[in-house]
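Written out below as structure tokens is the structure these notes cover.
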Number of protein chains: 2
Amino acid sequence: MNKKTTIHDIAKKLDITASTVSRALQDNPRISDSTKKLVVKTARQMNYQPNSIAAALRNGKSNLVGVMIPTVDRNFFGSIVRGIEEILNDSDYNVIICQSEDSHEKEKTNIKTLLKAQVDGIFASYAKETVDFRHYEEILNHNVPLILFDRMQNHFDVDAVVIDDYKGGFDATEHLIEQGCRNIVHLTGPDNVSIYKDRKRGYEDALRKHGFPVLQENIYQSDLKLEAGIRIGEKLNKLSKLPDGIFSSSDYAAIGAIQVLKKSGIKIPQDIAVVGFSNESFTNLVDPSLSTIDQKSKKMGHFIANTFLERMNKKESYTPSRKVLTPELIVRNSSLRKEHSKQNFIKN
Amino acid sequence: MNKKTTIHDIAKKLDITASTVSRALQDNPRISDSTKKLVVKTARQMNYQPNSIAAALRNGKSNLVGVMIPTVDRNFFGSIVRGIEEILNDSDYNVIICQSEDSHEKEKTNIKTLLKAQVDGIFASYAKETVDFRHYEEILNHNVPLILFDRMQNHFDVDAVVIDDYKGGFDATEHLIEQGCRNIVHLTGPDNVSIYKDRKRGYEDALRKHGFPVLQENIYQSDLKLEAGIRIGEKLNKLSKLPDGIFSSSDYAAIGAIQVLKKSGIKIPQDIAVVGFSNESFTNLVDPSLSTIDQKSKKMGHFIANTFLERMNKKESYTPSRKVLTPELIVRNSSLRKEHSKQNFIKN
DNA sequence: ATACTTGATGTAATCGATTGCACAAATATA
DNA sequence: TATATTTGTGCAATCGATTACATCAAGTAT
């Protein structure tokens, strides 16, 4: 049928060579203005679409980047991806998204897939499950720029964009203390994931700063999913002395706990004030709306993309950098005892 | 540094030609078993990774497909994408995701981008805003297979995978009637989007079937976002006679309305029973948990992917098909008056 | 008038994998 | 023994865009 037109077709029509056409389309100064105009016009007429694959092969550059995240249907990761796209699409890059589903195996196959697709860069957030990082070395062996974000460790000397999880944990806990909490429980995740360790440190330091003891029995470790929150809520329910505050490293776990506690007549935030982490999109849909820590996900996406673009320019002698973003405490009704409803999205 | 190894490198090492290597790696019957084994072994040793871009250029096939959806951070679309990936990754395809954000302009540029990336197929769900479909013709002009899903119209004779929105609307409404509702309000979306029209027809027919009048003043049109739900909730609040049921074409709008109604002391589901649409992930996080219609998103993804694969095989003389999936009513606490809490996820 | 720029375009190789056709050697058939 | 067929490889073109280098005409300097 209608074959795609190539630069050769244009060349033939104008009785010039393909190289001239190519140069003209690239606005090469060595081509006269008159030919340029002619070529551009003819290209439009013939509905020419450059074949990016041919260019990719020749240039050794696919203009594709791969983003690997645990899952796309978490607000945080979804909007990081958006942030990345906002920047990169303007520079003619396309984004391939891979989901690791927090599985080590999937992570491995995803990396293979992306390398096979000849991506120009890989942006990744570790799967929770991952403790062995050899598959990441593959990326570096292939000379593909790697940028880690959010979840990372110091195994590799690569670019990284993270938030200050310590500060997030600290601020959340201090806020609970300011709201009058005296016995604050913390829900944390697997210890091999540094973000959870950091948030926990923040929690502990905030307690210490205000003269409260750090009690190991107040720290509940889990995978931080909804179901884990439910289980922990049930445990809390059975305690002889209820806590009066919960800082959860995950919005999901926080909601799980709140659901159970509400069932047994406990008032949130009056009896127990709760702060989650991530500012998931459902946090202002639930009742009471959930206080949380916003992770500046879009901004993070922008940083990742810009870091990548810089890296592509400097080519040699590039020194990886680390960017730490500051999270923001968002106070909603689940923790606001003093000025009730002030921050509620519904007027009055 | 360490250049990537190509089939030529392998050929040189074994003192054979690249074509033999290529054939050996493809398990071509014309190559002897001994050479095959040797080549495969050497390839492994040299850590050979096929350059898919070169293959793409030669074969005129990028092994990329583009998925265009309004947004990735809606459960429905996110899991469609997952479903698509589950199938296509096994067939060595990669998926590029584009978000239209329900904007006509973004949709246009996304299509350009995908075509430039030489994707082998495009799977798309129309943006709400879109009323002019010329940019979709571009896809067909380029001879790129197009599969529409969820939101679509009959402009093009292309493959389509949709759910039976009419049945979804009918079932939701009939369920409310069974729960004793006698005055059911419906929240619908823009009329140019067929899914909303179909759901509305389902609503109307269910009312008629049970002998209730269809009242235009009971139908509220909006963009179905959270804020729209809030506004409509406020309107309902002011009515002299409150409705006793709400069927919303969107979970978000449903939640918005519920939030307002709860504030003014109205009990859900006792005073007003509510059913949403989409089974968004937050629907069982809110209080009360929201009854809704599940759209079989993952299954839809599977269908889309498989339709595409079939299409790629049959090449010529292909007749587009239309697959209609059956949605499922999920009854939760926002509409369950008779056996309270039975379907609640918390035991007892 | 000769040598030397400058400007504009063409030639041909390249990126890496694929594949139709050619060709030699080995085997089968007459 | 001569011819036909099979088997295993090699040769070279191809996909489309890019680019170092060559070329050639016109213009400038000496």
Side-chain angles (χ1 to χ4, degrees), chain A residues 2-40 42-43 46-64 92 115-120 142-144, chain B residues 2-40 42-43 46-64 92 115-120 142-144:
Chain A
N2 41 359
K3 274 276 179 201
K4 283 176 210 151
T5 65
T6 70
I7 51 172
H8 294 93
D9 301 329
I10 300 176
K12 210 170 292 170
K13 184 156 199 168
L14 295 178
D15 200 28
I16 53 178
T17 58
S19 46
T20 305
V21 175
S22 172
R23 290 197 182 100
L25 291 173
Q26 288 174 87
D27 203 23
N28 186 312
R30 295 174 53 185
I31 300 293
S32 68
D33 282 351
S34 55
T35 4
K36 271 185 201 168
K37 269 184 200 143
L38 193 59
V39 168
V40 170
T42 317
M46 299 178 74
N47 192 27
Y48 168 72
Q49 302 279 140
N51 183 330
S52 58
I53 292 191
L57 176 59
R58 170 65 216 227
N59 299 331
K61 201 164 157 295
S62 65
N63 273 37
L64 287 173
D92 266 335
L115 289 175
K116 204 159 83 185
Q118 312 282 123
V119 293
D120 294 338
H142 280 252
N143 258 326
V144 173
Chain B
N2 40 0
K3 275 275 177 203
K4 283 177 209 151
T5 64
T6 71
I7 51 172
H8 293 93
D9 301 328
I10 300 177
K12 211 171 291 169
K13 184 156 199 167
L14 296 178
D15 201 28
I16 53 179
T17 58
S19 46
T20 306
V21 175
S22 172
R23 291 196 180 101
L25 291 172
Q26 289 175 88
D27 204 23
N28 186 311
R30 294 174 55 187
I31 300 293
S32 70
D33 282 352
S34 54
T35 0
K36 271 185 200 167
K37 270 183 200 144
L38 193 60
V39 167
V40 170
T42 317
M46 300 178 73
N47 192 27
Y48 168 72
Q49 302 279 142
N51 183 330
S52 58
I53 292 191
L57 176 58
R58 170 65 215 226
N59 298 331
K61 201 167 157 292
S62 65
N63 272 39
L64 286 174
D92 266 336
L115 290 175
K116 205 160 82 183
Q118 313 281 125
V119 292
D120 294 338
H142 280 252
N143 257 326
V144 173

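Atom set for the values below is all heavy atoms of this structure, side chains included, hydrogens, waters and symmetry mates excluded.
In this structure the side chain of B:T6 never reaches within 4.5 angstrom of the side chain of B:N51, judged on heavy atoms. Side-chain contact between B:I16 and B:V39 is present, with at least one heavy-atom pair separated by less than 4.5 Å. Counting only heavy atoms from C-beta outward, the side chains of A:I7 and A:Y48 approach each other to under 4.5 Å.
Rounded to an integer number of Å, the gap from CD of A:Q49 to C1' of D:dA17 is 15 Å. If you take CD1 of A:I53 and P of C:dT14, they are 23 Å apart, rounded to a whole angstrom. Regarding B:N59, its CG atom lies at a distance of 14 Å from the C1' atom of D:dG16, rounded to whole Å. The interatomic distance linking A:I7 (CD1) with D:dC15 (C1') rounds to 12 Å, in whole Å. When rounded to the nearest whole Å, the span between CG of A:N51 and P of D:dT14 equals 17 Å. We find that CG of B:N28 is positioned 14 Å from C1' of C:dA17, with the value rounded to whole Å. Rounded to an integer number of Å, the gap from NZ of A:K36 to C1' of C:dA8 is 11 Å. Atom NZ of A:K4 is separated from atom P of D:dC15 by 13 Å (rounded to the nearest Å).
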**OP:** Would you sort out whether B:S22 and B:S19 count as a side chain to side chain donor-acceptor pair (under 3.5 Å), showing the intermediate values?
**Re:** CA-CA 5 Å; B:S22 172; B:S19 46; over 6 Å; no
**OP:** Dump the intermediate steps for side-chain contact (heavy atoms from CB on, under 4.5 Å) on B:L64 and B:Q118, then the final yes or no.
**Re:** CA-CA 8 Å; B:L64 286 174; B:Q118 313 281 125; over 6 Å; no
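A:T35 and A:I31 get closest at one heavy-atom pair: OG1-CG2, 3.7 Å.
How far CD1 of A:I10 is from OG1 of A:T20: 12.0 Å, rounded to the nearest 0.5 Å.
Direction of the helix axis in the helix from C:dA1-D:dT30 to C:dA30-D:dT1 shifts by 60° between the two five-pair termini, rounded to 10°.
A close approach under 4.0 Å does occur between a side-chain nitrogen or oxygen of B:Q26 and OP1 or OP2 of C:dT19.
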Show every donor-acceptor pair shorter than 3.5 Å between a side-chain atom in residues 52-59 of chain B and any protein atom, with sequence neighbours excluded, or say none if there are none.
from, atom 1, to, atom 2, distance (Å)
B:S52, OG, A:K116, O, 2.5
B:N59, ND2, B:A55, O, 3.2

Protein N or O to nucleotides 9-13 of chain D N or O, pairs below 3.5 Å:
from, atom 1, to, atom 2, distance (Å)
D:dT9, OP1, B:S32, OG, 3.3
D:dT9, OP1, B:T35, OG1, 3.1
D:dT9, OP2, B:S32, N, 3.2
D:dT9, OP2, B:S32, OG, 3.4
D:dT9, OP2, B:T35, OG1, 3.0
D:dT9, O4, B:R30, NH2, 2.2
D:dG10, OP2, B:T17, N, 3.1
D:dG10, OP2, B:T17, OG1, 3.0
D:dG10, OP2, B:T20, OG1, 2.5
D:dG10, O6, B:R23, NH1, 3.3
D:dG10, O6, B:R23, NH2, 3.0
D:dC11, N4, B:S19, OG, 3.1

Tabulated below should be each protein N or O lying under 3.5 Å from an N or O of nucleotides 4-6 of chain D; please produce it.
none

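Summary of the strand contacts: B:D33 and B:L57 both lie near DNA chain D, and taking for each the nucleotide with the nearest heavy atom, the more 5' one is attributed to B:D33.
When distances run from any side-chain atom of A:H8 to the nucleotides C:dT19, C:dA17, D:dA17, the shortest one goes to D:dA17.
With sequence neighbours excluded, no residue forms a salt bridge (charged side-chain N to carboxylate O under 4.0 Å, His left out) with B:D33. Looking at residues two or more places apart in sequence or on another chain, you find no salt bridge (charged side-chain N to carboxylate O under 4.0 Å, His left out) involving B:D15.
Under the 3.5 Å distance criterion, the side-chain polar atoms of A:K13 are left unmatched by any main-chain donor or acceptor of A:A43.
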